[in-house]
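Structure first, commentary second.
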There are 2 protein chains.
Amino acid sequence: MADPTKRLPKLPVERALKVIAGRWKPVILYYVFDGPKRLSELKRMMPDITQKVLIQQLREMEEHGLVGRRVFAEVPARVEYTATELGLALEPVLLALCRWGQRHAEEQNELDELADCIVHPRASQARANTAA
Amino acid sequence: MADPTKRLPKLPVERALKVIAGRWKPVILYYVFDGPKRLSELKRMMPDITQKVLIQQLREMEEHGLVGRRVFAEVPARVEYTATELGLALEPVLLALCRWGQRHAEEQNELDELADCIVHPRASQARANTAA
DNA sequence: CGGAATCCCCCGTGATACTG
DNA sequence: CAGTATCACGGGGGATTCCG
């Protein structure tokens, strides 16, 4: 990374999606938005993620200017990750995505329940809409 | 597809991201938001996308309830894709992503220009990693 | 915390099929 | 024939696992 060959997309939407694309990035951001967090904290908050992957995702977000990294020269070395201004600007967007995701889940689950009553799980088959 | 094993994520954010994830989905949505479009139209608007992939992405978005599909039994077979209510609800979110992407592009490019004046293009290197 | 091997999914190419 | 949809195949990148 930091590789000139791996440039971000030109279209703003795709660029934004690319930046927040990553198995754990939204979750990490969720915690970091709340305030500075050190690595061990994040690790404890998300037990299902490997330390390597966690650091990996943090590194990428750092390169993309979403989070900042501060190293404290204390006895037990200490590293804190904080959200940058640019990163914080992403919070409302992620919240919007979250809300839409909830609505989507509700509506889709409703359809799934209805689908249980009918035969086929796929509605795309018996569909001959001959509208004019 | 329509495979019960491939369920969407539980977390709303990830669910939303998963649904709009796809090389061409944002672009397709952009056009479909403007009004009903038939396949050949979309193909003409986006020359760089293959017919197969186009149909693929449309199918997925249909299964996810983002777009609707209408088949007209005319002389040359005709199919129109339209945005659903749920799909339209996504428009402001995509716009927000777009705006943030623009800002991100501006700020990042500024940093890149500054980096030209300094020595190292990578800031992640000379960082005292004293963690074990 | 880095590197290598691995798996799997996304996407692209080209050819083919179906329907009036 | 024109428009729509599908299939067989292959490459590439992200994510996971194991090892040092």
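Note that the structure is predicted; figures quoted are calculated from it, not measured. A note on names: the letters A, B, ... follow the listed sequences, proteins ahead of strands, and every chain is numbered from 1.
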OP1 or OP2 of D/dT4 under 4.0 Å from side-chain N/O of B/Arg38: yes
Out of C/dT13, D/dT4, D/dT16, whichever nucleotide has its closest atom nearest the side chain of A/Val53: D/dT16
Gap between atoms CD and P, on B/Gln56 and D/dC7 respectively (whole Å): 11 Å
Between D/dA15 (C1') and A/Glu60 (CD): distance, integer Å: 11 Å
Sugar-phosphate, base or nothing in reach of B/Leu58, heavy atoms under 4.0 Å: nothing
Residues, nucleotides or ligands: over 12 heavy atoms within 6.0 Å of A/Glu85 CD: no
Side chain A/Thr84, main chain A/Gly87, donor-acceptor under 3.5 Å: yes
More than 12 heavy atoms of other groups within 6.0 Å of B/Tyr30 OH: no
Nucleotide D/dA5, atom C1' - distance to OH of B/Tyr81 in whole Å: 8 Å
Rounded distance (nearest 0.5 Å) linking atom CD1 of B/Ile49 with atom CD of B/Gln57: 5.5 Å
B/His104 side chain vs A/His64 backbone, donor-acceptor pair below 3.5 Å: yes
Donor-acceptor under 3.5 Å (A/Trp100 side chain, B/Pro12 main chain): no
Touch class at under 4.0 angstrom, heavy-atom based, for B/Glu80 against every strand present: nothing
A/Lys18 NZ - C/dC10 C1' separation (whole Å): 11 Å
For atom CG of B/Leu42 and atom C1' of D/dT4, their distance in whole Å: 13 Å
Do any N or O atoms of the protein come closer than 3.5 Å to N or O atoms of nucleotides 18-20 of chain C, and which pairs are they?
none

Phosphate OP1/OP2 of D/dG13 contacted by B/Arg23 side-chain N/O (<4.0 Å): no
Sugar-phosphate only, base, or nothing, as touched by B/Thr50 at under 4.0 Å among non-hydrogen atoms: base
Touch class at under 4.0 angstrom, heavy-atom based, for B/Ile55 against every strand present: base
Nearest heavy-atom neighbours spanning A/Lys25 and A/Ile20: CB-O, 4.0 Å
Rounded interatomic separation in angstrom, taking CG from A/Leu54 and C1' from D/dT16: 15 Å
Length of the CD-P vector between B/Gln57 and C/dC10, whole Å: 10 Å
Between P of D/dA15 and CD of A/Gln51, the distance in whole Å: 18 Å
Minimum-distance nucleotide (side-chain atoms of A/Leu39 versus D/dT4, C/dC1, C/dT13): C/dC1
Any A/Trp24 side-chain nitrogen or oxygen under 4.0 Å from OP1 or OP2 of D/dA15: no
